[in-house]
Amino acid sequence: MNKLLTLGIVVGTMSVAACVNLDRSRTLGNPSVSGSVLAIQVCSNCHGVDGNSTSPAIPRLAGQQATYIVNQMKTFRGHERSDPAGQESMWGISRHLTDQQITDLAAYFSKQKAQPNPSADTPQLIAQGKEIFENGIPDQNVIACSACHGPTAQGIEAFPRLANQHADYIVKQLNVFQNTQGRPGTPMEAVTHPLTGAHKAAVAAYLQNFPN
Amino acid sequence: MYSVLKGCGKTAAKLVAIALPVLVASYAPDTLAIPAFARQTGQNCVACHAGGQFPELTPYGRLFKLTGYTIGERNIPISAMAVVTDTMVRSRNDPNPGGFAKGDFPAQNGTPIFNTASIFLAGKVTDNIGGFAQWTVNQYDHLDGGGNWQSNTVSDNADIRYVDRFINANNDVIVGLTFNNNPSVQDVWNSAPAWGFDLVPGSNPAGFPAKPQLGGALAQQVVGLGAYAYWNKTVYAELSVYRTADKFWSFMSQGFDSTDGTRSRLVNNTPYARIALTKEWGAHNFMVGAMAMAPEVYNDPTQPPGSPTTKYRDIGIDAQYQYILDPHTVTAQFSYINERIHYDPSVAGMPGAYDSLMGTASQPLTNTTDRLNLFRAKASYVYRAKYGGSLSYYNLSGSYNSLNQMGIPGDLTAGGLNNSVSSNVTGKPDTVAWIPEVFWIPVQNARVGMQYSMFTKYQGAKNNYDGWGRNAKDNDALFLYVWGAY
């Protein structure tokens with residue numbers, strides 16, 4: 001027991017000596033840690049330090065609209081957004097972030113440069129996606145994505161940037177909008193209603209391979 | 001196999017009865033039901049564990065560990081783990097429970113048992129310090145003189161870190177110190193000996209006959225301090241130094257004791273080196289690595305300095321591949337450890353021959369050096385982080401040495417506590433096993449599984465490895481488990 005006590009004292013002393021490291025902190029419950037530090041020290045683990053995540057399971061944030069990131073972080077924090085993948089990772093990460101931290105980390109990622117994200121999809125599939133993105137499919141009530149997300153898929157304010165986003169992530173989120181109540185408060189539930197699996201695959205392939 | 005499976009339904013019902021409290025506890029409110037690290041980050045277990053199959057780590061889980069368990073916020077740093085198991089071995093030496101069944105193996109064959117339970121102290125301490133320490137009660141640790149099972153409380157794995165991370169647009173360097181009690185427990189890849197195989201307590205009732213020093217022989221018997229760096233998620237390098245966990249550090253090896261010979265004693269501080277190269281692309285990630293260690297160990301840990309020692313030189317190579325993209329998780333690991341054993345001149349090179357009539361338990365050494373090779377591989381698949389299966393392969397081989405020859409004299413059916421399960425009349429440790437497994441993860445912190453261990457070779461032979469007609473396949477075993485952590 002004496003040894004445990006000694007170890008406790010040693011660890012305790014080290015803890016006091018190295019208690020706060022605000023410039024390189026990974027603490028999520030301390031308002032003093034800036035959002036940009038958290039972006040680099042924590043968010044980058046999955047999203048990449050430049051916001052260009054490697055795994056298709058993780059959305060790219062490089063060049064993303066800051067307003068959109070802020071909104072999503074707040075809906076994770078408030079548990080309004082409950083798609084499984086987001087909930088499993090993001091509810092916890094966001095639970096005690098302050099509005100200022102969220103604003104700062106959103107600003108950090110919005111300033112990053114989106115990198116090309118080429119895939120092995122066929123030119124035909126990408127061309128089909130381009131057609132849907134730019135013109136929709138009027139006779140099937142599929143509206144053009146570009147109407148809200150912009151002609152270069154860069155997004156605007158609350159409408160997210162989609163260019164170079166991972167196709168797998170886009171398809172899964174379209175499924176969330178279409179089949180669940182996991183992302184309420186957007187027009188996407190109605191927008192995705194007429195989409196078929198082939199539509200989603202095509203437009204997602206186009207967006208991942210979006211010409212820079 | 002059929003006879004083993006025949007009793008499966010009955011014992012499965014008992015297993016459920018014992019395991020139910022574990023599952024119920026897993027459904028308990030969050031404050032009780034979520035392990036300490038999950039409470040700290042607020043994330044689901046699947047964020048850090050590939051397909052939810054703890055303890056295998058995802059790329060994010062590896063970074064969580066490499067950054068010293070410091071992501072998140074301080075929380076209640078206590079977790080618990082329990083494992084309920086039921087083992088049905090293909091053939092016991094004595095099927096008569098009134099005979100020497102207690103001394104036979106495995107513990108409570110065919111009866112569900114509360115096998116082990118652990119307490120963890122785990123979590124973030126400061127922005128730079130974090131770690132975990134585990135204490136485990138092995139309910140069926142050993143038999144006493146009266147043939148009754150005795151429990152043992154041991155200090156299990158521990159890993160405490162001081163870490164910093166310097167990261168910008170061009171460079172990402174994680175540097176850290178790790179203080180731990182098991183060479184490779186600090187590793188973040190599951191091909192490392194401490195993490196990759198035989199993870200469910202009691203899953204292999206016959207046991208594997210020999211372990212390389214780097215393959216777990218020193219686990220929880222040493223303490224080490226290491227420095228490591230991970231650069232641009234590409235190169236990992238580590239250098240650690242280990243010593244016997246005695247005197248002040250004996251709390252890191254509780255349950256093992258050099259004075260009764262159960263804890264290895266290293267002669268000097270022993271270096272351990274580790275390097276790994278990693279690559280991520282898309283949903284895939286890959287690691288290839290190497291590790292080395294060269295401990296010198298007293299032959300008899302109860303003897304004073306100057307007594308005979310054995311020098312080991314272990315070199316290992318390993319690799320891991322993962323594909324993680326919901327709903328699929330595919331992982332594969334392999335590990336190969338080559339060990340050269342140099343015996344003390346005072347005891348090596350003696351002539352010796354095994355006497356089957358005597359069944360001599362300890363023979364003179366015939367070799368001045370030995371070699372031991374351990375190859376292990378495992379592949380797993382998990383669907384929706386709920387339903388999974390794996391296939392493991394184990395291949396231990398080594399040189400002949402009469403030292404390895406141990407037998408049981410006399411008539412095995414005469415009663416008593418002796419059994420010949422671990423006997424070896426071949427003088428070679430060669431053992432080969434295939435272990436298929438299926439499992440179900442009903443909630444994120446509980447796993448229900450079934451394994452079947454199939455031995456094609458045991459203690460150097462397919463047949464009659466003990467001198468009394470026991471064959472390798474007699475050690476085949478069906479193993480059911482419920483593993484919960486909260």
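Remember, it's a predicted structure, so these values are computed and weren't measured experimentally. Letters go in sequence order (proteins before strands), and every chain restarts at 1.
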Discussion item. Does any backbone or side-chain atom of A:N45 lie under 4.5 Å from a heavy atom of chain B? Answer side chain, backbone, both or neither.
Written reply: both

Practice prompt. Using a 4.5 Å cut-off on heavy atoms from C-beta on, say whether the side chain of A:Q64 contacts that of A:P160.
Written response: yes

Item to complete: Can you label the angle between the B:F248 ring and the B:F251 ring as parallel, tilted or perpendicular, going by 30° and 60°?
Response: perpendicular

Worksheet item: Around atom NZ of A:K130, are there more than 12 heavy atoms of other residues, nucleotides or ligands at under 6.0 Å?
Response: no

Worksheet item: Got a donor-acceptor contact below 3.5 angstrom from the A:R95 side chain to the A:G29 backbone?
Response: no

Discussion item. Any donor-acceptor pair under 3.5 Å linking the side-chain atoms of B:H284 with those of B:Q322?
Written reply: no

Practice prompt. Go through the atoms of B:N168 and report whether side chain, backbone, both or neither lie under 4.5 Å from a heavy atom of chain A.
Written response: backbone

Fill in: Heavy-atom proximity to chain A below 4.5 Å, by part of B:T70
both

Fill in: Heavy-atom donor-acceptor pair, A:S53 side chain to A:I58 backbone, under 3.5 Å
yes

Worksheet, complete the sentence: Counting heavy-atom pairs under 4.5 Å with chain B, the top scorer among A:R24, A:R26, A:M90 is A:R26

Item to complete: Name, in order of residue number, those residues of residues 182-204 of chain A that have a heavy atom at a distance of less than 4.5 Å from a heavy atom in chain B; otherwise write 'none'.
Response: none

Practice prompt. Could you check which of B:V46, B:I71, B:D172 has the highest count of heavy-atom pairs closer than 4.5 Å to chain A?
Written response: B:I71

Discussion item. Just so I understand: if I count every heavy-atom pair under 4.5 Å between each of B:N285, B:D326, B:D164 and chain A, which residue has the most?
Written reply: B:D164

Worksheet item: So which heavy atom on A:P56 is nearest to which on A:H166, and how close?
Response: CA-CG, 3.5 Å

Worksheet item: Does A:A114 offer a backbone N or O that forms a donor-acceptor pair with the side chain of A:N52 under 3.5 Å?
Response: no

Worksheet entry | Main-chain N/O of B:Q186 paired to B:R161 side chain as donor or acceptor, under 3.5 Å | yes

Discussion item. Can you tell me which portion of A:S44 sits under 4.5 Å from chain B's heavy atoms? Options are side chain, backbone, both or neither.
Written reply: both

Practice prompt. Describe, in one word, how the ring planes of B:F120 and B:F132 are oriented to each other, choosing from parallel (under 30°), tilted (30 to 60°) and perpendicular (over 60°).
Written response: tilted

Fill in: Segment of B:T58 engaging chain A (4.5 angstrom heavy-atom cut-off)
neither

Worksheet item: Among A:S94, A:A57, A:S25, who wins on heavy-atom pairs under 4.5 Å with chain B?
Response: A:S25

